[in-house]
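Heads up: the structure comes next, in structure tokens.
Ligands are counted one by one from 1 in listed order, and the atoms in each one are counted from 1 as well.
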Amino acid sequence: MATDYDEVRSDVKETQDRSLEALQSANAPDARSVVNELDEADAFDEGLTPGGEIVSEELIVQVIPQAADEFTCYSCFLVRHRSQLARESNGHSYCIECEG
Ligand SMILES: [Zn+2]
């Protein structure tokens, strides 16, 4: 019967809505940390050489050609012009975009 079928489907949908709500409220931080872990895993993959060796971020930064009037932001790792330097701390430079 069509009516019974609809009732079953609405029950299923309600259950899905409830679990989605639980996911979005109580488990939201967990879901976010999972996403962060995935991002880090991606970054790891990009740091792998064809030989399978892991290239450290520091090594990648040093390879970037850098002019005398430029610096590499320690937060976003982009090469910036000196005019965009917002802060220097412990020998590390930070650009105005990262410092807000
Ligand atoms: Zn930056």
| field | pair Ser75-Cys95: side-chain heavy atoms closer than 4.5 Å | value | no
| Is the Tyr94 ring parallel, tilted or perpendicular to the Tyr74 ring (thresholds 30°, 60°)? |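 Geometry flag for Tyr74 against Tyr94: perpendicular rings.
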| task | Please report the closest heavy-atom contact between Arg82 and Ala68, naming both atoms and the distance. | result |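 In this case the closest contact between Arg82 and Ala68 is NE-O, 4.3 Å.
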| request: Give, for atom CD of Gln84 and atom CG of Leu78, the distance between the pair rounded to the nearest 0.5 Å. | output: 9.5 Å
| said: Would you compute the distance between atom CD of Glu99 and atom SG of Cys73 and round it to the nearest 0.5 angstrom? | reply: 7.5 Å
| query | Should the pair Arg80 and Phe71 be classed as cation-pi, given the thresholds of under 6.0 Å to the six-membered ring centre and 45° from the axis? | reply | no
| query | Going by chain and residue number, what protein N/O/S atoms come nearer than 2.8 Å to the Zn ion (ligand 1)? | reply | Cys73 SG, Cys76 SG, Cys95 SG, Cys98 SG
